Amino acid sequence: MRLIDIFVLNKCGSKKQAKKAIKKGLIQVNNKIVDEDIDITDETVIYDSKILDSHPLKYYIIHKPSGYVCANKDPHDPCLITLLPDENLHYVGRLDRDTTGLVILTNDLKLRKRLTLPEFHIPRTYAFTCLNPLKDITPFKEGITIDGDVKCLPAIVEMTSEYEGIITLEEGRYHEIKKMFLSLNNKITSLHRIMYGDISLGDLESGTYRILTQEEINHLKDITRRSLCNISKK
Ligand code: URA
């Protein structure tokens, strides 16, 4: 990561202020004053007598309990972010208040954007229960229309019983799954996200979080890079 980005992500100031600090010789890397923006891997960066975090990009996965909202502030309900050790994070694909399961949070805004934009086709998988038996899953393959005129991308549905199944979407519109079922005169009674890309919730307990492994982060970056290649070919 570039020195300037480390300065900004450590909340030392803006990019402009980082450039000025470098020019004035106020930043040391491995105890030597630097005079330009350089790549940092594991070096010790000091600014204003403070050692900066040279790995400031953070990636977490949390098991969202029901009743929490994916917001930073809410007048009525507890915010999911309060269960994490760092409040400077952004949700990667929000879940409804009553939906449970996997949520990724990060301050890597470039990756977050790529993981959420529908053009990137990142799969998100949910276990669901519905009110009425679901016999015909063909409308999901064709793309269901919600909100009167919004055609959803095709979704994959596998039923495990008449009322329960697994659904995979490649986009994340507001209340999308609930609205798809309403369009079919059915109703979602429970929704639980189990995967995002290749990241799986596994046996992470409700209300707890963990840091993503380097392998998982690399995987997320890889799938978004592959999608980006497909987008540029179109
Ligand atoms: N679709 C929904 O309807 N709700 C969610 O929380 C996620 C996907």
Side-chain angles (χ1 to χ4, degrees), residues 1-62 64 68-75 78-95 102-120 122 172 196-199 208-233:
M1 176 175 285
R2 305 297 287 176
L3 181 57
I4 288 183
D5 294 327
I6 288 179
F7 182 96
V8 174
L9 285 163
N10 274 271
K11 307 223 162 292
C12 296
S14 62
K15 283 195 174 190
K16 205 170 155 191
Q17 286 166 319
K19 281 180 197 161
K20 268 192 187 164
I22 293 173
K23 239 186 185 170
K24 287 187 178 166
L26 300 178
I27 304 184
Q28 289 179 20
V29 173
N30 284 351
N31 294 320
K32 277 194 194 133
I33 291 174
V34 286
D35 57 3
E36 57 177 346
D37 185 23
I38 55 169
D39 251 328
I40 301 292
T41 44
D42 278 318
E43 294 85 344
T44 306
V45 180
I46 300 181
Y47 169 68
D48 204 11
S49 319
K50 271 192 311 221
I51 298 181
L52 305 192
D53 181 354
S54 10
H55 297 282
L57 289 178
K58 309 291 177 198
Y59 306 84
Y60 293 95
I61 162 183
I62 185 162
K64 178 188 173 298
Y68 278 77
V69 289
C70 292
N72 293 338
K73 264 190 199 162
D74 190 273
C79 295
L80 189 61
I81 204 143
T82 59
L83 299 179
L84 286 138
D86 183 345
E87 298 223 334
N88 294 312
L89 297 167
H90 300 259
Y91 296 97
V92 177
R94 291 164 195 258
L95 294 179
L102 185 162
V103 180
I104 297 172
L105 289 108
T106 182
N107 57 353
D108 182 340
L109 298 184
K110 182 169 145 196
L111 184 66
R112 174 186 181 242
K113 189 171 170 193
R114 292 179 175 187
L115 287 173
T116 48
L117 282 177
E119 298 89 292
F120 282 81
I122 307 297
Y196 203 114
D198 242 21
I199 309 297
T208 65
Y209 68 86
R210 68 174 175 83
I211 294 172
L212 286 183
T213 63
Q214 193 55 51
E215 205 182 337
E216 288 172 321
I217 299 164
N218 291 345
H219 163 78
L220 289 176
K221 290 186 176 171
D222 277 354
I223 54 170
T224 60
R225 248 182 248 125
R226 258 182 269 136
S227 301
L228 194 62
C229 288
N230 291 337
I231 295 169
S232 8
K233 274 185 211 151

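Note that the structure is predicted; figures quoted are calculated from it, not measured.
Looking at Ile38 and Glu43, their side chains never come closer than 4.5 Å, going by heavy atoms from C-beta outward. Put simply, the side chain of Val34 does not reach to within 4.5 Å of the side chain of Val45, judged on heavy atoms. Arg2 places a side-chain heavy atom less than 4.5 Å from the side chain of Asp39. Under the 4.5 Å side-chain criterion, counting only non-hydrogen atoms from C-beta, Asn31 is in contact with Ile46. Using a 4.5 Å cut-off on side-chain heavy atoms (C-beta onward), Ile104 and Glu216 make no contact. Ser54 places a side-chain heavy atom less than 4.5 Å from the side chain of Ile6. Annotation: side chain of Val103 is in contact with side chain of Tyr91 (closest heavy-atom distance under 4.5 Å). Within the 4.5 Å cutoff, the side chain of Ile199 has heavy atoms near those of the Leu212 side chain.
The side-chain hydrogen bond (donor to acceptor under 3.5 Å, both in side chains) contacts involving residues 6-26 comprise Ser14-Gln17, where partners must be two or more places apart or lie in separate chains. Sorted by first and then second residue, the side-chain hydrogen bond (donor to acceptor under 3.5 Å, both in side chains) pairs with a member in residues 106-118 read Tyr59-Asp108; sequence neighbours excluded.
Judged purely by atom type and a 3.5 angstrom limit, Tyr196 uses its side chain to pair as donor or acceptor with the backbone of Leu115. A donor-acceptor pair under 3.5 Å is absent between the side-chain atoms of Tyr47 and the main chain of Leu26, judged by distance alone.
Among all heavy-atom pairs drawn from Ala18 and Ile27, the shortest one is O-CD1, 4.4 Å. The two residues Ile33 and Gln28 have their closest heavy-atom pair at CG1-CG, 4.0 Å. Cys79 approaches Ala71 most closely through the heavy-atom pair CB-O, 3.3 Å. Of all non-hydrogen atoms in Asp86 and Ile81, the two that sit nearest each other are O-CG1, 4.2 Å.
The structure places OG1 of Thr208 at 9.0 Å from CD1 of Ile61, a figure rounded to the nearest 0.5 Å.
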